[in-house]
Amino acid sequence: MIIKVRNKTDDHNSYRSARVKSLFNAERGNEFNLDANIDIDDMEWQIGLVVGPSGSGKTSIGKQLFGGGKLIALYDGWDKKIPIIDAIAPDGDFDSVTGALANVGLGDVPSWLRPFHALSNGQQFRAGLARIITEAPNEVIVDEFTSVIDRQIAKIGAMAFSKGWRRNKGKKIVLLACHYDIIEWLQPDWVFDTGTGELKKATSSSQDQASSWKLGRSTQVIGSTLSHITI
């Protein structure tokens, strides 16, 4: 899959713009070009990760995956008038929703009765994970994954999300993230680094996959642990 990003804005010649161009040799600052070869067409996968520094083209790549139009954020589209227990998969199974909330570490049951905007950042992140897992679109791209939360919460949340999503057999998700520390916890099937232009694919067996992402966790983190973390 070859992705070509060609972003361009108006070229301004104000005093400040001209001075910036002169001082920092930024004549083409109004243009952003990126060619990415994400060769995944011949592999079976469920979780992909596009990672790299801010401004390196992750969102632009995401907009072109799956034919475009499937890019969302975990924090978008929540009804402010109803609790999250009603907002997640409103036509779905009750036990599936509560199970997803518990599995991603949102085990504080009273928080299920609050609207999304009334939750803490960490609770919002986990509620977003539960919604994606439960509603499970066939193909989806999630922008700004783990960007605004504590890094330890991000790592544990990434691991819980990976386990939950892999139960949705045959469905694909691509996560866009700035932080590399989630890779070994997420255990994606492939990673594209916008900073280097390199694509890495996980090996087929789970044991080799863990090794390929340099899995270094010394403590096993399971569902019961997740449910007792308060954010």
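What you are looking at is a predicted structure, and each value in this text was computed from that prediction instead of being measured.
Shown here for W185 and K155, the closest heavy-atom pair between the two residues is CB-O, 3.3 Å. Taking each heavy atom of L101 and A127 in turn, the nearest pair found is CD2-CA, 4.4 Å. Among all heavy-atom pairs drawn from K21 and N13, the shortest one is NZ-OD1, 3.2 Å. Nearest heavy-atom pair across A177 and L49 is CB-CD1, 4.1 Å. For I183 against P188, the heavy-atom pair with the smallest separation is O-CD, 3.4 Å. Closest of all the heavy-atom pairs between I153 and F125 is O-CE2, 4.2 Å.
Remark: side-chain polar atoms of T98 are paired, donor with acceptor, to backbone N or O of D95 under 3.5 angstrom. With Q46 contributing its side chain and N168 its backbone, the two residues share a donor-acceptor pair below 3.5 Å. A distance-only check finds no donor-acceptor pair linking the side chain of T146 to the backbone of A154 [under 3.5 Å]. Formation of a donor-acceptor pair under 3.5 Å by the T134 side chain with backbone atoms of A130 is found in this model. No side-chain donor-acceptor contact under 3.5 Å links D76 to the backbone of I72. Side-chain atoms of Q187 come within 3.5 Å of backbone N or O of E184 as a donor-acceptor pair. In this structure, the side chain of E135 does not engage the main chain of I132 through any donor-acceptor pair within 3.5 Å. The backbone N or O of Q152 lies less than 3.5 Å from a partner atom in the side chain of D150, making a donor-acceptor pair. For the pair W190 (side chain) and V50 (backbone), a donor-acceptor distance under 3.5 Å is absent.
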Worksheet entry | R151/H179 under side-chain contact (heavy atoms from CB on, under 4.5 Å): CA gap, chis, key distance, verdict | CA-CA 9 Å; R151 298 320 305 157; H179 297 95; 3.1 Å; yes
Item to complete: Evaluate side-chain contact (heavy atoms from CB on, under 4.5 Å) for S111 paired with R114, printing each intermediate quantity in order.
Response: CA-CA 5 Å; S111 69; R114 301 174 196 139; 3.5 Å; yes
Discussion item. Walk me through whether C178 and K58 qualify under side-chain contact (heavy atoms from CB on, under 4.5 Å).
Written reply: CA-CA 9 Å; C178 291; K58 298 184 299 296; 3.7 Å; yes
Practice prompt. Check the pair F66, N138 against side-chain contact (heavy atoms from CB on, under 4.5 Å), reporting the backbone distance first and the verdict last.
Written response: CA-CA 10 Å; F66 302 136; N138 289 326; over 6 Å; no
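Summarising the geometry, atom CG belonging to D42 is positioned 5.5 Å from atom CG belonging to D39; distances are rounded to the nearest 0.5 Å. Atom CG in N103 sits 9.5 Å away from atom NZ in K163 (nearest 0.5 Å). One finds the OG atom of S120 at 8.0 Å from the CG atom of L106 (value rounded to the nearest 0.5 Å). Atom CG of L65 and atom CG of L71 lie 9.0 Å apart (nearest 0.5 Å). A distance of 6.0 Å separates OG1 in T59 from CD in E144, rounded to the nearest 0.5 Å. Expressed to the nearest 0.5 Å, how far NZ of K63 lies from CG of D143 amounts to 8.5 Å.
Taking the side chain as every heavy atom from C-beta outward, T194 and P53 approach each other to under 4.5 Å. For the pair N37 and L199, the minimum side-chain heavy-atom distance is 4.5 Å or more. The side-chain heavy atoms of I133 and R167, taken from C-beta on, include no pair separated by under 4.5 Å.
Connection of I85 to I82 is not established within any shared hydrophobic cluster, with ILVMFWY side chains joined at heavy-atom distances below 4.5 Å, either directly or through further cluster members. M43 and I141 fall within a single hydrophobic cluster, where Ile, Leu, Val, Met, Phe, Trp and Tyr are joined by side-chain heavy atoms under 4.5 Å apart, directly or via other members. Criterion: ILVMFWY side-chain heavy atoms under 4.5 Å apart, direct or through other members. Under it, V191 and Y180 are part of a common hydrophobic cluster.
Applying the ring pair (Phe, Tyr, Trp, His ring centres under 6.0 Å) definition to pairs two or more places apart or across chains, those involving residues 84-121 are W78-F116.
Note on R166 versus D189: salt bridge recorded, some NZ/NE/NH1/NH2 to OD/OE distance being below 4.0 Å. Between K81 and D86 there is no salt bridge, since none of the side-chain N atoms of the basic residue sits less than 4.0 Å from a carboxylate O of the acidic one.
A side chain to side chain contact (heavy atoms under 4.5 Å, CB included) with V174 holds for exactly one of F192, F145, W45; it is W45.
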